[in-house]
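See below for the structure under consideration.
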Amino acid sequence: MPRYDFKPVESRWQQYWDENQTFRTEDAVSEKKKLYVLDMFPYPSGSGLHVGHPEGYTATDIVCRYSRMKGLNVLHPMGWDAFGLPAEEHAVKTGTHPRETTNQNIATFKRQLKMLGFSYDWERELATTDPDYYRWTQWIFLQIFDTWYDSEYEWTGPDGVKRKGKGRPINELPIPSDVKTSGAEAVRRYQDKHRLAYVSDAPVNWCPALGTVLANEEIIDGKSERGSHPVVRMPLKQWMLRITAYGDRLANELDPLTWSEAIKLMQRNWIGRSVGAEVDFKIVPSENGKPQTETPSSIRVYTTRPDTLFGVTYMVLAPEHPLVDTITTSEQKAAVDEYRTKASLKSDLDRTDLAKDKTGVFTGGHAINPVNGEKVPVWIADYVLISYGTGAIMAVPAHDERDYEFAKTFGIEIRQVVAPAPGSGHAADIDNTAFTETGIAVNSGKYNGLTTADFKAQITKDLAAAGVGKEAVNYRLRDWLFSRQRYWGEPFPIWHELDADGNPTGLMRADTAESLPVLHPHMEDFKPTGTPEPMLAKATQEWLFKTDTDGVKLKRETNSMPQWAGSCWYYLRFCDNKNSTNFIDPAKEKYWLPVDLYIGGAEHAVLHLLYSRFWHKVLFDRGHVSTPEPFQKLVNQGMILGEPDENGKAEKMSKSRGNVINPDEVVKDYGADSLRLYEMFMGPLEQTKPWQMSGVEGVYRFLGRVWRMIVDERAETVKLADAVVDVAPTDEQLRVLHKTIKAVTDDIDRLSFNTAISRMMEFSNFMSSQEARPKVVLSQFVQLLSPFAPHIAEELWNVLGHPNTLAYEPWPTYDPALLVEDSVEVPVQFNGKLRSKIVVPANSDAAALEAAARADEQVQKNLEGKTVVKVVAVPGRMVNFVVK
RNA sequence: GCCGGAGUGGCGGAAUGGCAGACGCGCUGGAUUCAAAAUCCAGUUAGAGUAACAUCUAGUGCGGGUUCGACCCCCGCCUCCGGUACCA
C-alpha cells in the first residue's frame with residue numbers, strides 16, 4: 001500500500017466491529033464499575049446527518065473508547081426521536097405513511113453513523129415510534145395520570161434525602177366529606193381535578209398553519225418555534241401536565257448536578273420562582289345605583305413588593321379577568337367592552353410589540369387599600385397578564401417602571417414610599433423615573449423607617465393577621481400543555497365516557513397497562529382537519545368507540561402526545577430495551593442510572609431537559625426509579641458555523657445560505673477518522689466555531705504522517721517502515737512518550753480534545769524524525785490515538801504485530817519518574833521582564849537558581865549600575881531580579 | 001432592559017498568576033521532480049536595529065488597580081454572541 005488509503009481500512013474495521021459485536025454491552029448487571037455515556041438522540045430528518053451531530057457524538061465516542069480501555073463497563077447507545085411533524089407533512093403532500101418516511105430517514109442516519117465508526121451498542125437501538133417503545137411512553141403517562149401531588153408530604157427517598165412534597169397515588173388523595181357525600185361521580189371528578197395529568201379548558205396557543213396547539217415553550221416572539229407561523233390564543237379542552245407542582249424541586253435539585261451554571265440558570269429563570277404576597281382589596285359598592293352584591297367582593301393581587309402598599313394609586317385587572325364585568329360601572333361599560341374586544345383580537349406578538357406604549361381603560365369601579373383604607377380606582381390594561389399571578393395587580397407607579405409609564409400616560413398620582421438607603425449610592429428621581437431599588441420606607445404610616453426586607457416580612461405578617469393577605473409563591477413556569485392534534489404522535493391511553501345520547505359526560509377511563517400499546521388507527525388521508533379537531537377524530541368507528549364491560553359507551557381520546565414525550569425517558573429504556581414486562585428492570589435501573597455524561601446541543605437547555613427531569617421525578621416519587629435526577633453531568637457542544645466569507649464572518653449553516661457541509665462528502669474525500677479528528681481539533685467542545693475545510697486537510701495530513709511514521713510507503717504491501725525496529729527506546733523517546741500519555745489522558749478527562757490532538761501531533765513530529773523508532777513506543781502511541789481515529793489506529797495496531805482489536809487493550813499509563821528532565825531552562829526576569837535564560841539542573845533550589853542566574857553573562861550585564869532590591873526565585877519556574 | 005458567555009497573530013486556537021502565540025491552517029523561501037501533485041526542510045506578532053546574529057521597544061478589546069511578576073485576580077467601560085422579556 002503506497003499511501004494511506006482510508007477507504008478499505010475504514011470499511012474493514014467497521015465490518016470487523018459489527019461482526020465481532022466488539023461494542024456490545026453485557027446485558028447482565030456487572031460487578032464492574034459502570035459508565036453511562038449518552039448522546040441526545042437525533043430527530044431523523046429527511047436531510048440526513050448534519051456536521052453538528054458528529055461533534056457531540058465523536059466527543060462521547062472518545063470518552064467511551066477510552067473508558068473501555070480503562071476497564072469500565074460502558075453503556076453507549078443510540079436511538080431515534082422519530083415522532084414529529086415533518087414526516088406527517090410529507091404524508092400530506094405525498095400520501096406516504098409517516099412510518100415509511102420515518103423508517104427511510106432512520107436508515108440514512110444509521111448508515112451515516114456507522115460510516116463514522118461510532119462504538120454504539122446497536123443491539124440497544126430504539127425509536128420512539130416503535131410500538132414496543134411507545135407502549136411504555138403510554139404506560140408512564142398512565143403513571144402520571146394516576147398521581148397527585150401532595151405538597152405537604154414529608155418523606156425520605158431512596159437517595160437518603162429528606163423532601164417535602166411527593167407525587168402519590170390518586171387513591172391516596174384525601175376526599176373532602178362534602179364531596180364524598182355527593183357520591184361516586186363527584187369523587188371521580190374531584191380526583192380528576194387533582195391528577196398530574198388533567199384536562200383543562202383554558203386558553204391555549206393554536207397554530208392554524210401547523211394544525212395543532214403548542215406549549216408555551218414552543219412559542220418564540222409570539223410565533224411557532226417551528227416554521228415561525230402565527231399563533232392565536234383560544235380556549236380549547238386540552239391535556240395539561242402539572243409540572244408547576246415540581247417547580248421548587250426542579251429548581252433546587254439542579255444544585256448538585258455537574259452542569260454549566262449557564263444552563264442551570266436558564267432552567268431556574270424559566271421556572272421563575274418568586275416569593276411575594278397575595279393581598280385582597282375590597283371592592284367598593286357602586287355609587288351610581290348599580291347593585292354590588294355579587295361575590296367575591298374583593299380583588300386579589302399578587303405582589304413581590306408588599307412594602308410599597310402605601311404607594312398604591314390605582315389597580316389593574318387583566319382584560320380577561322372575571323371580575324371586570326362585576327366592577328365596571330354602566331358609564332364605563334362601552335369603553336371597557338371595546339377595549340376587551342380589541343385586546344382579545346391582539347395576538348401575543350402584538351401585545352409584546354406594543355410593549356412601550358401603555359394602554360388601558362378605567363372601569364369606573366374602586367377598591368379599598370387594606371393598609372390605609374384609601375379608595376383606589378380600578379383599570380383594565382393588557383400589560384397585566386391573566387396567566388401570571390392572580391391576573392390583577394396593585395399599581396405603584398413610583399416604584400415600578402410599567403406602572404410609572406401608565407400613570408404618566410393617564411395622569412395618575414405617583415406617590416413615593418421608598419427612599420434610597422443612605423450610603424447605597426442610589427438616588428430617587430421620581431419626577432423622571434421609577435425608583436425600583438430597595439431602600440427605606442417613607443409615607444408609610446407606622447412602617448416608616450423600615451428597610452424593604454423588614455417591611456416585607458412585617459406587613460406580610462400583619463396582613464395575614466388581619467385576614468386580608470398571605471405570603472405567596474409564584475412561578476413563571478406554566479403547566480405543560482401536553483396534547484397535540486396530529487397523527488404522528490403517541491395516542492393517549494384514555495377513554496371518555498358517553499351518555500345515552502353519545503355526548504361526553506366529562507368522566508374518563510384509562511386503558512389498562514396490559515392493553516397497551518394503543519396503536520395508531522389506519523388512515524389513508526393525512527390532511528389536517530383545518531380546525532382544532534384532532535386528526536385522529538377521522539379514525540374508523542372501531543378505533544374510536546367501544547362499549548365497556550359495564551355497558552358504558554366510550555370514545556377514545558383523539559389528541560396525541562407532543563414530540564417531547566418520547567424523549568422524556570429514552571435514557572431509561574436504553575438500559576433494558578427488550579424488556580416486555582417492565583419499562584425497565586429495577587436492578588438494571590439501579591446499576592446504570594444516572595447517566596454519567598450527557599452531551600448535546602444547547603437548544604434543549606430548557607425544553608427537553610426540563611420535561612425529562614419532571615417525568616423522572618414523578619417516576620422517582622412513585623418508586624419506579626432510584627435517582628432523583630436523570631443526568632449527572634451535562635455538556636453542551638457549541639454550534640458549528642459555516643465557512644467564513646471573504647470578510648471573515650461565519651454564519652449559521654442553513655440551506656438558504658447554501659453553506660451546509662455534508663458529512664458524507666467530507667468522509668468521501670478525507671475519511672471518517674479525518675472528520676472525527678477535525679471536529680475535535682477545531683476548538684473547545686462547548687465553543688461556537690466556524691467550519692474550515694482547510695482544517696480538515698490539516699488533520700488528514702497528520703494522519704498521513706502517522707501512517708508514514710510506522711508504515712513503509714514505498715513497499716508494495718503494508719509492511720513496517722525500516723526505521724520501526726524492536727529496540728529499547730532512548731531516554732528521550734521514553735520521556736516524550738510518557739509526557740504524551742500524561743497529556744492525552746489528562747486532556748480526555750477534561751474533555752479537552754483539541755489540546756489532546758495537538759499533543760499527539762507534537763509526538764508524531766518528534767518521532768517521525770527519529771532514525772530508529774521502537775515498536776513498543778509506537779504501539780502505545782497508537783493506543784492513545786485510537787479513541788480519536790479508531791480505524792487507522794486499529795490498522796496500525798495490526799501492522800505493529802498485534803492480533804485482533806485494540807478496543808479493550810489496557811490504556812497506557814505513564815511513569816512520573818520518566819517525565820523529569822535532568823536539566824531545565826529557566827527564564828530570568830528583571831522587574832518582570834524577560835532578560836535571559838539559564839540552564840540549570842532540574843532539582844536546583846532557590847539559592848542555586850539565584851547563583852546560576854548571577855553567573856550568567858546577560859544577567860551580569862543587566863545588573864551593572866543597578867541596585868538589587870529583591871530576588872524572587874521559584875525552583876523550576878523562573879528567577880526575577882527586582883532592581884532600581 | 002435583565003441574565004449568562006466571550007474578546008489573544010492573516011485565520012482556528014494554546015497558555016488560568018511565572019518564557020504570550022503550543023498545535024494546525026494560510027503565506028514566504030528552499031529541497032525533491034522533466035514538470036506537477038504529494039512529501040520533506042526553514043521562516044512567519046509588529047516596529048526599531050544588524051552584513052548576519054545579537055539586542056531593544058511595543059503587544060492578549062479600552063481605562064485603572066493588586067502583585068516581584070497579570071491574557072489570567074479586582075474595579076469601571078466598550079464590542080460581539082447566546083438566553084429572556086410588560087412575570088407585578
Side-chain angles (χ1 to χ4, degrees), chain A residues 2-3 220-221 260-266 268-270 272-274 276 301-305 308 316 351-352 354-358 381-385 387-396 399-403 405-406 436 474-478 602-603 605-606 636 638-639 641 644 648 650 677-678 681-684 686-699 701-702 704-705 708 713 752 754-762 764-765 768-769 825-837 858 861 869-874 876-883:
Chain A
R3 279 182 55 198
I220 294 171
D221 294 335
S260 70
E261 277 310 310
I263 298 286
K264 287 188 186 180
L265 247 149
M266 278 165 76
R268 286 198 191 99
N269 288 344
W270 192 268
R273 181 180 200 266
S274 74
V301 301
Y302 172 73
T303 176
T304 54
R305 291 294 299 271
T308 59
V316 184
R351 261 168 93 148
T352 49
L354 298 171
K356 297 283 170 280
D357 307 318
K358 296 280 177 290
D382 64 5
Y383 82 91
V384 172
L385 309 175
S387 51
Y388 185 77
T390 60
I393 62 157
M394 59 179 226
V396 187
H399 305 290
D400 180 280
E401 280 172 29
R402 295 150 300 174
D403 298 347
E405 266 180 60
F406 190 89
T436 56
N474 251 297
Y475 298 92
R476 206 189 83 105
L477 183 70
R478 295 281 102 79
E603 67 272 18
V606 279
N636 294 111
M639 206 190 331
L641 304 175
L677 215 49
Y678 173 63
F681 189 58
M682 290 171 87
E686 301 193 60
Q687 193 168 302
T688 301
K689 39 209 179 284
W691 184 274
Q692 278 177 317
M693 212 45 106
S694 55
V696 185
E697 196 100 35
V699 295
R701 284 204 281 259
F702 162 65
R705 281 199 297 278
R708 285 190 298 278
E713 264 206 317
S752 178
N754 54 332
T755 51
I757 293 166
S758 75
R759 298 311 289 259
M760 291 190 283
M761 287 172 168
E762 284 179 88
S764 88
N765 289 345
S768 298
S769 64
E825 195 188 54
V826 167
V828 182
Q829 301 172 345
F830 277 76
N831 294 338
K833 286 190 174 158
L834 179 69
R835 281 296 175 270
S836 183
K837 290 175 185 180
Q858 271 298 325
K861 236 162 75 185
V869 180
K870 187 178 175 184
V871 180
V872 182
V874 183
R877 306 297 295 205
M878 44 64 69
V879 182
N880 189 18
F881 288 92
V882 186
V883 296

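By convention in this document, chain letters (A, B, ...) are assigned in the order of the sequence lines, proteins followed by strands, and residues within each chain are numbered from 1.
The phosphate of G13(B) (OP1 or OP2) has a side-chain N or O of Gln687(A) nearer than 4.0 angstrom. For the pair Arg305(A) and C87(B), the criterion of a side-chain N or O lying under 4.0 Å from OP1 or OP2 is not met. The side chain of Arg701(A) places an N or O atom within less than 4.0 Å of a non-bridging phosphate oxygen (OP1 or OP2) of G26(B). Contact annotation: Tyr302(A) side-chain N/O to A88(B) OP1/OP2 distance is not under 4.0 Å. Between Asn765(A) and G24(B) there is a side-chain polar atom (N or O) within less than 4.0 angstrom of OP1 or OP2. Contact annotation: Asn754(A) side-chain N/O to A14(B) OP1/OP2 distance is under 4.0 Å. Proximity of Arg476(A) to the phosphate of A85(B): a side-chain N or O atom is located under 4.0 Å from OP1 or OP2.
In this model, no side-chain donor or acceptor of Lys870(A) finds a partner on the base of C68(B) within 3.5 Å.
For the ring pair (Phe, Tyr, Trp, His ring centres under 6.0 Å) test, residues two or more places apart in sequence or in another chain that qualify with Trp691(A) are Tyr678(A).
Counting only Watson-Crick and G-U wobble pairs whose two distances sit under 3.5 Å, RNA chain B takes part in these stems of three or more pairs: B:1-7 with B:78-84, B:10-12 with B:23-25, B:26-31 with B:39-44, B:45-48 with B:55-58, B:61-65 with B:73-77.
For Asn880(A), the side-chain atoms get nearest to G69(B) when compared with the rest of G12(B), G69(B), A88(B).
U84(B) atom C1' lies 20 Å from atom CZ of Arg273(A), rounded to whole Å. Here G69(B) presents its P atom at 15 Å from CZ of Phe830(A), a figure rounded to the nearest Å.
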Listed pairs, N/O of protein and of nucleotides 53-57 of chain B, under 3.5 Å:
from   : atom 1 : to        : atom 2 : distance (Å)
U57(B) : OP1    : Arg835(A) : NH2    : 3.4
U57(B) : OP2    : Arg835(A) : NH2    : 3.2

